[in-house]
Asker: 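Submitted below is the structure of interest, expressed as C-alpha cells.
Every chain is numbered from 1, with letters handed out A, B, ... down the list of sequences. What you see is a predicted model; the values in this text were computed from it and never measured.
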2 protein chains.
Amino acid sequence: MTPRSGARERLLGAAETLFADQGVAATPVDQVLARAGVAPATLYAHFGSKAGLQAAVLDARLARWDAAWAAAVDAAPDDRGRLLAVFDALDTFARGGAPSRWCTFLATAAGAPADDATAAAAIAADTELLRSRLTELAGPVAGDGAAELAEHLLVVVSGTLAMRLRPGADSAVARGRATAEALVSSV
Amino acid sequence: MTPRSGARERLLGAAETLFADQGVAATPVDQVLARAGVAPATLYAHFGSKAGLQAAVLDARLARWDAAWAAAVDAAPDDRGRLLAVFDALDTFARGGAPSRWCTFLATAAGAPADDATAAAAIAADTELLRSRLTELAGPVAGDGAAELAEHLLVVVSGTLAMRLRPGADSAVARGRATAEALVSSV
DNA sequence: GTCTATAACACGATAGAC
DNA sequence: GTCTATCGTGTTATAGAC
C-alpha cells in the first residue's frame with residue numbers, strides 16, 4: 001500500500017522514535033539522519049524541511065492511532081467496553097511499535113508557538129477524531145447525554161495523557177480509566 | 001522580602017511571559033534580554049544559565065499559584081465550593097498577572113528530556129501540591145473516599161490544562177469544571 | 001535519488017572595561 | 001552589578017558531483 005522508498009520510510013521511522021523520546025526541538029536533524037542512515041540532502045529532497053518531516057510523521061501517526069483505537073473498540077465485549085476501549089488502546093498503542101512519552105499531538109501543540117499552522121492542524125485533527133468517536137460510542141451508553149459524556153471523557157483522556165508527565169506515569173492509564181468508569185457509571 | 005534588583009525582577013517577569021507564550025525552547029535568551037532591557041552578562045551574573053533562569057521562574061510561579069489557589073479556596077462559600085475552587089483559581093490566575101498558555105509545569109516536563117532533574121523537580125512539586133490539597137479539601141465532601149475523589153480530580157485538572165492546547169481553549173476551564181462537578185455529584 | 005562537503009545562521013555563554 | 005563586544009558551537013539547509 002505504502003509506496004516504498006527505503007530512505008523515506010527509514011526517515012519517518014527514525015524521526016517518530018526520536019521526536020517522541022526527546023521532543024522535536026531537542027532532536028537535531030543530524031540525529032535523525034544518523035539513525036536512518038541517510039544523507040542530509042535526501043531528507044530535504046523528500047520533506048523540504050524539518051517541519052515538513054514533522055508534519056509527515058504526524059500524519060502517519062494519526063492514521064496508526066486511529067487504526068489501533070478502532071481495533072480496541074472491535075475487541076471489546078459490550079457497549080460500555082467499547083466506550084472505554086480508548087484506554088485499552090492507549091495502553092497497547094505504545095507497545096504496538098508506536099514510541100510515545102505522553103501524546104505526540106499534545107506535545108506538538110505544546111512545543112510550538114500558539115499560532116503555528118502545522119501544530120494547530122495536527123492537534124485539531126486529533127481532537128476531532130477523539131470527540132467524534134467518543135460521541136458515537138457514548139450513544140448506546142448515555143442516549144441523549146452522549147455528547148455531554150463524550151465531552152467529559154475527552155477531558156479525562158487528555159488528563160490521562162498529561163498525567164504521564166507527572167510522577168507515577170506508569171499508572172496514568174489505569175488511574176484515568178478509573179476516573180472514566182466513575183463518570184460512565186454516574187450516567 | 002525579595003531583595004530588589006531591578007534587572008533581576010525584570011528578567012524574571014520577561015522570562016515568565018515569554019516562556020509561557022512560546023515555550024522555553026522556542027524562546028532565545030536574546031529575546032528575554034531585549035524585553036527586560038538588560039545586558040547578557042547581567043543575566044548570567046544572576047542566574048548562571050538559561051536553565052537557572054528557568055528554575056527561578058518556576059519557583060516564583062509555584063509560590064504564586066499556591067497563593068492564588070489558597071485565596072480562591074478562602075473565597076468559596078461551602079465545602080463543595082472549596083473543593084471546586086481550583087477551577088476558579090485556574091480561571092483567574094492568568095488574569096492576575098500570571099501569563100500562561102496551558103500550564104507552566106506540565107509544559108516544562110513536556111519540553112525537557114524525561115530524565116531532566118530541574119523539570120522533574122518542578123512537576124513533582126506541582127503534583128504534590130495538587131494532590132495533597134485536593135485530598136484535604138475532598139475530606140468534608142467525600143469522607144473515606146477523599147483520596148479516591150482527589151485522584152479523579154487530579155486527572156480532571158490535568159485534563160483541563162491539556163484541553164487548553166486543543167481548539168476551543170477558551171472554554172477549557174468551564175468544561176473541566178463541568179466534568180469535575182459530575183464526579184463530585186456522583187459520590 | 002542519493003551522496004560529500006560546506007555554507008549561512010542563530011544561539012548560549014564569556015571577556016574585559018566601567 | 002552592569003555594560004559593549006565577541007567567541008565558539010551546534011544546527012538547518014544548500015551546492016554540486018555521481
Side-chain angles (χ1 to χ4, degrees), chain A residues 2-58 60 107-108 110-113 115-119 122, chain B residues 1-58 60 107-108 111-113 115-119 122:
Chain A
T2 309
R4 194 159 346 97
S5 161
R8 187 188 171 88
E9 295 305 310
R10 285 203 307 281
L11 282 168
L12 284 172
E16 182 179 5
T17 301
L18 292 170
F19 288 176
D21 278 0
Q22 309 174 340
V24 180
T27 304
V29 172
D30 296 14
Q31 201 177 350
V32 178
L33 296 170
R35 189 183 177 107
V38 161
T42 305
L43 185 155
Y44 289 96
H46 279 288
F47 300 105
S49 68
K50 184 183 180 181
L53 172 61
Q54 186 188 359
V57 168
L58 289 169
T108 299
D115 59 353
D116 180 287
T118 299
Chain B
M1 223 59 66
T2 308
R4 193 158 349 95
S5 161
R8 186 187 172 90
E9 295 305 312
R10 285 204 307 281
L11 282 167
L12 284 172
E16 183 178 5
T17 301
L18 292 170
F19 289 175
D21 278 359
Q22 309 174 336
V24 179
T27 304
V29 171
D30 296 12
Q31 202 178 349
V32 178
L33 295 170
R35 189 183 177 106
V38 161
T42 304
L43 186 156
Y44 290 96
H46 279 288
F47 300 105
S49 69
K50 184 183 181 180
L53 172 61
Q54 186 188 1
V57 168
L58 289 169
T108 300
D115 59 354
D116 181 287
T118 299

Asker: Give the rounded distance in Å between these two atoms: CG of Leu33(B) and C1' of dT4(D).
Answerer: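 Leu33(B) atom CG is separated from dT4(D) atom C1' by 13 Å.
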Asker: Which pairs of donor and acceptor atoms, one on a side chain in residues 21-30 of chain B, lie under 3.5 Å apart (sequence neighbours left out)?
Answerer:
unit_1	atom_1	unit_2	atom_2	d
Gln22(B)	OE1	Thr27(B)	OG1	3.1
Thr27(B)	OG1	Leu18(B)	O	3.4
Thr27(B)	OG1	Gly23(B)	O	2.7

Asker: Nearest to the side chain of Tyr44(A), heavy atoms from C-beta on, is which of dC11(C), dT2(C), dT12(D)?
Answerer: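 Shortest atom-to-atom distance from the side chain points to dT12(D).
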Asker: Using every non-hydrogen atom in the two residues, find where Ala7(B) and Val38(B) come nearest and quote the distance to one decimal.
Answerer: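 It is CB-CG2, 3.8 Å.
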Asker: Could you tell me how far apart Lys50(A) (NZ) and dG10(D) (P) are, to the nearest whole angstrom?
Answerer: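 My rounded result for the distance is 16 Å.
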Asker: Would you indicate which nucleotide in dA13(D), dT2(D), dG12(C) comes nearest to any side-chain atom of Pro40(A)?
Answerer: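 The listed nucleotide nearest to Pro40(A)'s side chain is dA13(D).
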Asker: Report the distance from atom CZ of Phe19(B) to atom C1' of dG12(C), rounded to the nearest whole Å.
Answerer: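 Atom CZ in Phe19(B) sits about 12 Å away from atom C1' in dG12(C).
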Asker: Take atom CG of Asp30(A) and atom C1' of dT6(C), then tell me their distance rounded to the nearest Å.
Answerer: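 Whole-Å distance recorded here is 13 Å.
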Asker: When you match Ala45(B) and Val24(A) each to their closest nucleotide on DNA chain D, which lands nearer the 5' end?
Answerer: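 That would be Ala45(B).
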Asker: Would you kindly give the CG-to-P distance between Leu43(A) and dA13(D), to the nearest whole Å?
Answerer: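 Whole-Å distance recorded here is 9 Å.
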Asker: In whole angstroms, how far is the P atom of dT14(D) from the CZ atom of Phe47(A)?
Answerer: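 The answer, rounded to whole Å, is 15 Å.
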Asker: Going by heavy atoms in the side chains, are Phe47(B) and Arg8(B) under 4.5 Å from each other?
Answerer: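 Answer yes - side chains close enough.
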Asker: Using whole Å, report how far CD of Gln22(B) lies from P of dC11(C).
Answerer: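 It is 11 Å, rounded to the nearest whole Å.
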Asker: From the options dA13(D), dC3(D), dA13(C), select the nucleotide whose nearest atom is closest to the side chain of Ala41(B).
Answerer: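 That would be dC3(D).
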Asker: So if I take every side-chain heavy atom of His46(B) and compare against dT2(D), dA13(D), dC3(D), which nucleotide ends up nearest?
Answerer: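 So the nucleotide nearest the side chain must be dT2(D).
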Asker: Which heavy atom of Ser49(B) sits nearest a heavy atom of Leu43(B), and at what distance?
Answerer: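 Here Ser49(B) and Leu43(B) meet closest at O-CD2, 4.2 Å.
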Asker: Provide, to the nearest angstrom, the distance between the CD atom belonging to Glu9(A) and the P atom belonging to dG1(C).
Answerer: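 Going from Glu9(A) (CD) to dG1(C) (P), I get 13 Å.
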Asker: Taking the nucleotide of DNA chain D with the closest heavy atom to each, which residue, Val29(A) or Thr42(B), is nearer the 5' end?
Answerer: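 The residue whose closest nucleotide sits nearer the 5' end is Thr42(B).
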Asker: Tell me, do Thr108(B) and Phe19(B) make a side-chain contact under 4.5 Å, heavy atoms counted?
Answerer: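 No, every pair of side-chain atoms sits at 4.5 Å or beyond.
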